[in-house]
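Written out below as structure tokens is the structure these notes cover.
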4 protein chains.
Amino acid sequence: MKHTDVETLFANNLDTANLSDKQRSVLKASLTLFAQKGYENTSTLDIAKLAGVSEGTVFKHFKTKDGLLQAVLKPFLQDIFPRVAGEFVQDLQATQILEFSDFLRFAVRDRIVYAMDNRAEMKIMIQEMVKKPQILEELTTRLGVLLQSAINQLFVSYQDKGELVKWDSMRIVRTICGVIVGYLIPNIIMSDECLDIDATTNEICEFLLHGLQP
Amino acid sequence: MKHTDVETLFANNLDTANLSDKQRSVLKASLTLFAQKGYENTSTLDIAKLAGVSEGTVFKHFKTKDGLLQAVLKPFLQDIFPRVAGEFVQDLQATQILEFSDFLRFAVRDRIVYAMDNRAEMKIMIQEMVKKPQILEELTTRLGVLLQSAINQLFVSYQDKGELVKWDSMRIVRTICGVIVGYLIPNIIMSDECLDIDATTNEICEFLLHGLQP
Amino acid sequence: MKHTDVETLFANNLDTANLSDKQRSVLKASLTLFAQKGYENTSTLDIAKLAGVSEGTVFKHFKTKDGLLQAVLKPFLQDIFPRVAGEFVQDLQATQILEFSDFLRFAVRDRIVYAMDNRAEMKIMIQEMVKKPQILEELTTRLGVLLQSAINQLFVSYQDKGELVKWDSMRIVRTICGVIVGYLIPNIIMSDECLDIDATTNEICEFLLHGLQP
Amino acid sequence: MKHTDVETLFANNLDTANLSDKQRSVLKASLTLFAQKGYENTSTLDIAKLAGVSEGTVFKHFKTKDGLLQAVLKPFLQDIFPRVAGEFVQDLQATQILEFSDFLRFAVRDRIVYAMDNRAEMKIMIQEMVKKPQILEELTTRLGVLLQSAINQLFVSYQDKGELVKWDSMRIVRTICGVIVGYLIPNIIMSDECLDIDATTNEICEFLLHGLQP
DNA sequence: GATGAATGAGCATTCATTCAT
DNA sequence: TATGAATGAATGCTCATTCAT
């Protein structure tokens, strides 16, 4: 139940691709700078300098600056998010014996930790989603499919035990995610470093348990 | 209980300032284009063309492009949002006789309509907030003060009637806002035009009533 | 019967257009450099420097480097060539009283002088024609129409006097032009400065008179 | 009297040089692309891709891109053109028995076919000649020497028979070439595929015979 | 006040060329 | 010998900003 953080997953993802060391460092520099200053305010020269390579190298594999952005986001969309979601689902299923309240507390805490650990990356994603909504669309579809199939039985079992309101499981997921998002977005945007995770978890769970009881 | 939409308020706001017709049209053009393409991807020439003025005029009053952005956001932050919040508070206070559930339904619906009516403007705010978090900070502080003083008595009365959980009123506000934000953000980002307002209101309220009952 | 040379016509043409002094000098610098080094080997910075303006100015009116080339060639294609052709036709018609041999000598000499006076400009045209054949197409059509209507009667009168072979007048024009082109192209390409105009005129005319007699 | 076309000669020429298969394919790719898009608009990467080799290989033998161009043009200038000219001269000499008119018809037709068969290659040569006039100089000198020595006797014999004007043989050659060039250049530039060779030959010869009769 | 020509630093991108493997 | 990643100068082009009229 120990989780790999996104940065490590990202680095691993790079290793599997057929990229040279320099190209890898270009991607890392891009991630850093896009998160720090936003895509539009990061010049390819900035990236080249931080990566310790020439500008030509930046374009050798990624063709365009946008290609670079895609290459930075691709692993998040196509590999890391699903894998993290998968890990999450496995964890959830391993907790079936728990009561719904314990389960919820675990799940919420897990996601909060995950989101706050990767504040920077989340910021890029939010920026890009606002500019290109289809990213959000693809992501929700992708994660939706993944979660629904895995989580359905779990919710049914809680519903059978009378611990969970008998809504459609997607609605429950949406509700939980919505509440978490609503709580965390200010913290992500403000790069709030001193969020009290336990207190936040408690606050969110107390409310969710009320709202989701039958 | 009829609300002025943001665009009209914006135009009115412009009228009160000591700006010439040309300067006004510059601000309007900026609002339109920033919402459409984002701040970074809008050139001052674009603005000048849409406003029907010369490039020089764009800089006459607003000095820099960033000054223009500030001038576009200022009325939202310093005037329109507070005024809309004030209207909203007045409406809420006028409904004191209702039960909490009716009150909540009204409030939620009102905010959803407001947010969806001004999707474009919301998008700029989100973009800018992600880039410059202090905007979010200022806004929350500002609205927080305004709402707290106005809404406190209202919540206490509902709490006395046993219709509302006895949390701190700010926590209740934060919770309600968080849930609404969590629900609406995807629709705002995706400029979703066909949101079923009644269904969404019902879904949110059903959940909130559960979660906020004592 | 005195002819304005292309450079003067070009300058005049510029004066009529609504261009600033700087833009005019950009066009002149472009003409010079394109002729000297060819389009591809001339950078916009080269042009800016020679014109004594900033690079931005180069693009202000002409949008792209290709736009600049078009602006340089346009007056040749749409204004100067036709006007020169018109002048030429008028001159020819004014010489009707002469014998065909005198007429031919005059015409050939006139065109040789014209071509050699504007060697540089001719070089650009040749380069561009090789790259974009439709320029040649447009030019031949344009000049063809102009010459045919004007020259037909003239040739008929010479044919009636038994001084000129009874070919279609377009064929005669094509033949004369072809011979001149065949003779001059080496000199234009090599920017040959010491062409003996009288000797060349004699050589061409002697041959053409033989070939074009009935 | 059947002629090998330039492309085959080119390939043969490559075979004789001590080049590897890869180098040969680099030269072929260069010829193709330079003809298609011009020297300046062809990148060494384009060439490498079409040749199916790496970029490094392109530079292994030819050192620079210009070296590549020289290597492409060298066989034309130093080998193919002279050889073709030689073939042509031999053919001409084999026709001594004919009348001048038959001889001319054959010669003109032969050159037209040759030029039109190799339109693409001609285009490169024209482009390069305009940019670097010394190519034209070298070529004319080279061909001049070759033709003069071979053709002098032939012309004298026709002149003795009273079929050919008693001009210097170089002037006659220049005249014939000039007329052909003047006729064909438009077709080469426009890559005109549907030239009626017989009609053109007739037209040119009819005129040349008039012009070159004593 | 308004204009729009002019600026010049900055940007993404290309490309001939080199060199370690 | 062949490769292709790396280079970095050069290029076409953009854009916020200034200023003379």
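This structure is a prediction, so every number in the text was calculated from the model and none was measured. All chains are named by letter (A, B, ...) in the order of the sequence lines, taking the proteins before the strands, and each is independently numbered beginning at 1.
- One atom, CD1 of C:I47, and another, C1' of F:dA10, lie 15 Å apart when rounded to the nearest Å.
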Base versus backbone protein contacts along nucleotides 1-8 of chain E [heavy-atom cut-off under 4.0 Å; B, S, -]: SBBBBBBB

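- Nucleotide F:dC15 holds its P atom 17 Å from the CG atom of B:D66, rounded to whole Å.
- Contacts with DNA chain E (heavy atom under 4.0 Å) in residues 33-43 of chain D: D:T42, D:S43, listed by number.
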Let's go through C:E40 and D:K131 carefully: what are the C-alpha distance in whole Å and the side-chain angles of both, what is the deciding distance for salt bridge (Lys or Arg N to Asp or Glu O under 4.0 Å) to 0.1 Å, and is it a yes or a no? CA-CA 11 Å; C:E40 334 267 357; D:K131 280 192 315 194; over 6 Å; no

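- Side chain of D:T57 to backbone of D:V53: no donor-acceptor contact under 3.5 angstrom is found.
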So what is the 5' to 3' dot-bracket string for DNA chain E, if pairs are Watson-Crick or G-U wobble with both distances under 3.5 Å, crossing pairs use [ ] and | means the partner sits on another strand? .||||||||||||||||||||

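- When side chains are defined from C-beta on, C:V130 does not count as touching D:V130, because their heavy atoms never get closer than 4.5 Å.
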Just do the side chain to side chain contact (heavy atoms under 4.5 Å, CB included) check on B:V58 and B:L45 with the steps written out, would you? CA-CA 9 Å; B:V58 173; B:L45 182 59; over 6 Å; no

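- In this structure, the CG atom of D:L45 is 13 Å from the C1' atom of F:dT3, given to the nearest Å.
- The interatomic distance linking A:F59 (CZ) with F:dG8 (P) rounds to 16 Å, in whole Å.
- F:dA2 atom C1' lies 16 Å from atom CZ of D:R24, rounded to whole Å.
- Using a 4.5 Å heavy-atom threshold, the side chains of B:L73 and B:L69 count as touching.
- Proximity of C:T44 to the phosphate of F:dG12: a side-chain N or O atom is located under 4.0 Å from OP1 or OP2.
- Between the CZ atom of D:F62 and the P atom of F:dA2 there is a distance of 11 Å, given to the nearest Å.
- Residues forming a side-chain hydrogen bond (donor to acceptor under 3.5 Å, both in side chains) with A:E138 (at least two apart in sequence, or on another chain): A:R142.
- Taking the salt bridge (charged side-chain N to carboxylate O under 4.0 Å, His left out) definition, one finds that B:K37 meets it with B:D46, sequence neighbours left out.
- With B:T42 contributing its side chain and B:G38 its backbone, the two residues share a donor-acceptor pair below 3.5 Å.
- Two residues are said to be in side-chain contact when any heavy atoms from C-beta on lie closer than 4.5 Å; B:M122 and B:M125 fail this criterion.
- Geometrically, D:K65 engages D:Y39 in a cation-pi contact defined by less than 6.0 Å to the ring centre and at most 45° from the axis.
- Remark: D:F62 engages no residue in a ring pair (Phe, Tyr, Trp, His ring centres under 6.0 Å) (not counting sequence neighbours).
- Along DNA chain F, the nucleotide closest to C:T64 and the one closest to B:K65 are compared, and the more 5′ of them pairs with C:T64.
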